[in-house]
Protein chains: 2
Amino acid sequence: MDEIDRTIVNLLRADGRTSYAELARRVGLTAPSVQDRVVKLERNGIITGYKAVIDSEAIGLGITALIGIIPDNSADHQDICERLRAIPQIESCYFLAGVECYQLKVRVPKMADLERLIHRVGAIPGVAQTRTTITLSTKWEDRQQPLPSDGEARGVD
Amino acid sequence: MDEIDRTIVNLLRADGRTSYAELARRVGLTAPSVQDRVVKLERNGIITGYKAVIDSEAIGLGITALIGIIPDNSADHQDICERLRAIPQIESCYFLAGVECYQLKVRVPKMADLERLIHRVGAIPGVAQTRTTITLSTKWEDRQQPLPSDGEARGVD
DNA sequence: CATGAAGTGGACGAGATCGACCGGACCATC
DNA sequence: GATGGTCCGGTCGATCTCGTCCACTTCATG
């Protein structure tokens with residue numbers, strides 16, 4: 001993971017369809033060696049995939065909401081997690097340090113779907129309470145910050 | 001936006017580097033016509049970009065936190081929004097219906113960075129209070145749900 | 001019957017990929 | 001301390017695939 005790798009990662013984060021030839025021009029190597037680096041980055045789990053970014057409203061998922069989950073004492077977290085994973089509308093799931101031990105980001109076409117979803121989550125054994133917040137607008141999402149250099153990341157303290 | 005477009009979008013969401021030739025084989029068209037469709041999807045704002053998915057821990061952003069913002073009465077939301085946008089560590093920013101009118105998802109290398117970040121956000125004019133929750137683990141993130149068909153999305157009620 | 005959207009097929013240039021080769025770093029041996 | 005083997009990362013060139021442009025066809029619509 002040197003400076004060239006970081007440049008490649010940054011370029012691919014900005015445009016996941018950049019060709020190896022183009023990457024090669026940008027970093028001053030040839031296409032095969034860039035490909036070699038990318039394959040290694042993928043194998044080492046640094047690049048975990050490539051995605052097209054879709055406008056969720058345009059595909060009929062106009063409603064985004066955040067759902068916090070407060071568990072009861074009997075909660076079996078592995079079971080809860082599996083049941084949450086089985087709900088396709090939950091796009092992200094974070095396990096938190098706090099009273100609300102999970103936060104879910106969900107997307108649905110209509111309010112009625114959100115209502116059904118909240119009831120479904122609330123019915124999971126071990127879930128004492130849920131707290132849902134509608135997002136009025138998404139200012140931005142999944143923006144990339146510049147990769148920290150080794151020094152910044154490892155801590156120079 | 002017919003069934004073929006939906007298939008293309010689903011394939012590109014799953015793997016943003018799928019070649020036009022491969023897409024063509026999957027949907028039973030030729031490469032030029034698939035390319036034509038993809039260009040239209042991009043122009044119509046349905047596909048807004050392509051990104052490599054990076055393991056944030058692997059690049060030194062090991063800490064993820066959610067920050068809620070409670071504004072005061074004098075809050076100028078446009079100004080707040082601009083100042084938030086200028087902070088690179090804020091990867092996502094949602095405007096919410098609730099007491100906490102923004103929620104931020106932030107990533108930093110170390111706890112000290114998070115502390116600095118919280119102070120910076122708290123110092124923005126119009127921000128009365130912030131509430132930060134550390135994520136202990138990300139169960140999953142930005143998972144794709146199957147595209148709703150026209151019927152489901154538009155509402156058949 | 002004219003028209004335009006959508007697809008096909010062919011052609012050509014660009015990109016991806018593979019094997020062979022090169023050079024420096026590292027290390028054990030003489 | 002010099003020698004030679006080995007590994008790693010890169011280049012080069014050949015070949016195959018892919019992307020892209022264009023002319024032509026088809027088909028539904030007005």
Side-chain angles (χ1 to χ4, degrees), chain A residues 1-60 144 146-154, chain B residues 1-55 57-60 144 146-154 156:
Chain A
M1 194 66 189
D2 58 5
E3 201 49 50
I4 292 181
D5 281 336
R6 260 190 291 277
T7 306
I8 291 174
V9 165
N10 272 329
L11 290 168
L12 285 175
R13 278 212 294 181
D15 179 4
R17 277 181 90 83
T18 310
S19 68
Y20 293 134
E22 177 63 23
L23 293 174
R25 280 188 288 269
R26 300 291 195 86
V27 300
L29 293 177
T30 57
S33 54
V34 166
Q35 186 189 24
D36 187 50
R37 280 171 177 267
V38 171
V39 167
K40 281 175 190 164
L41 287 168
E42 289 168 358
R43 264 211 291 270
N44 295 338
I46 293 170
I47 297 177
T48 61
Y50 302 90
K51 285 185 182 176
V53 183
I54 308 297
D55 178 355
S56 41
E57 291 194 26
I59 59 170
Q144 59 170 322
L147 292 195
S149 71
D150 284 350
E152 292 172 82
R154 303 255 165 80
Chain B
M1 193 68 190
D2 58 5
E3 201 49 49
I4 292 180
D5 280 337
R6 261 190 291 277
T7 306
I8 291 173
V9 167
N10 273 328
L11 290 168
L12 285 175
R13 278 212 295 181
D15 179 5
R17 278 181 89 83
T18 309
S19 67
Y20 293 134
E22 177 64 23
L23 293 173
R25 281 189 288 269
R26 300 290 194 88
V27 301
L29 292 177
T30 57
S33 53
V34 166
Q35 185 190 24
D36 188 49
R37 281 171 177 266
V38 170
V39 168
K40 281 176 191 163
L41 288 168
E42 289 168 358
R43 263 210 291 269
N44 295 338
I46 293 170
I47 297 176
T48 61
Y50 302 90
K51 283 185 184 175
V53 184
I54 307 297
D55 178 355
E57 293 195 23
I59 58 169
Q144 58 170 318
L147 292 195
S149 69
D150 283 349
E152 292 172 80
R154 304 253 166 81
V156 204

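Below, read A as the first sequence line, B as the second, and so on, with proteins coming before strands; counting in each chain starts at 1.
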On DNA chain C, more 5' by nearest nucleotide between B:Pro32 and A:Ala31 is B:Pro32

Rounded to whole Å, OH of B:Tyr20 lies from P of C:dG7 at a distance of 15 Å

Checking all strands, does B:Arg25 fall into the base, sugar-phosphate, or nothing category for heavy-atom contacts under 4.0 angstrom?
sugar-phosphate

d(CG, A:Asp5; P, D:dG9) in whole Å
10 Å

Tell me, with the steps shown, if A:Arg37 and A:Asp2 meet side-chain contact (heavy atoms from CB on, under 4.5 Å).
CA-CA 10 Å; A:Arg37 280 171 177 267; A:Asp2 58 5; 3.0 Å; yes

Closest heavy-atom pair and its distance - A:Ser33, A:Leu29
OG-CB, 3.5 Å

Under 3.5 Å, side chain of B:Thr18 to main-chain N/O of B:Leu12, donor-acceptor pair present?
no

May I ask you to evaluate whether A:Thr30 reaches the phosphate of D:dG10, defined as a side-chain N or O under 4.0 Å from OP1 or OP2?
no

Could you give the CD-to-P distance, from B:Gln35 to C:dG13, as a whole number of Å?
17 Å

In whole angstroms, the gap separating P of C:dT17 from CZ of A:Arg37 amounts to 17 Å

May I have the distance from B:Arg17 (atom CZ) to D:dT17 (atom P), rounded to whole angstrom?
19 Å

Heavy atoms of A:Ala24 and A:Val34 approach each other most closely as CA-CG2, 3.6 Å

Round to the nearest Å and state the distance from A:Glu22 atom CD to D:dG19 atom P.
16 Å

Can you tell me if A:Lys40 touches the phosphate of D:dC8, counting only side-chain N or O atoms and a distance under 4.0 Å to OP1 or OP2?
no

Nearest-angstrom distance from the residue atom CG of A:Asp36 to P of D:dC12
16 Å

OP1 or OP2 of C:dA6 under 4.0 Å from side-chain N/O of B:Ser33:
no

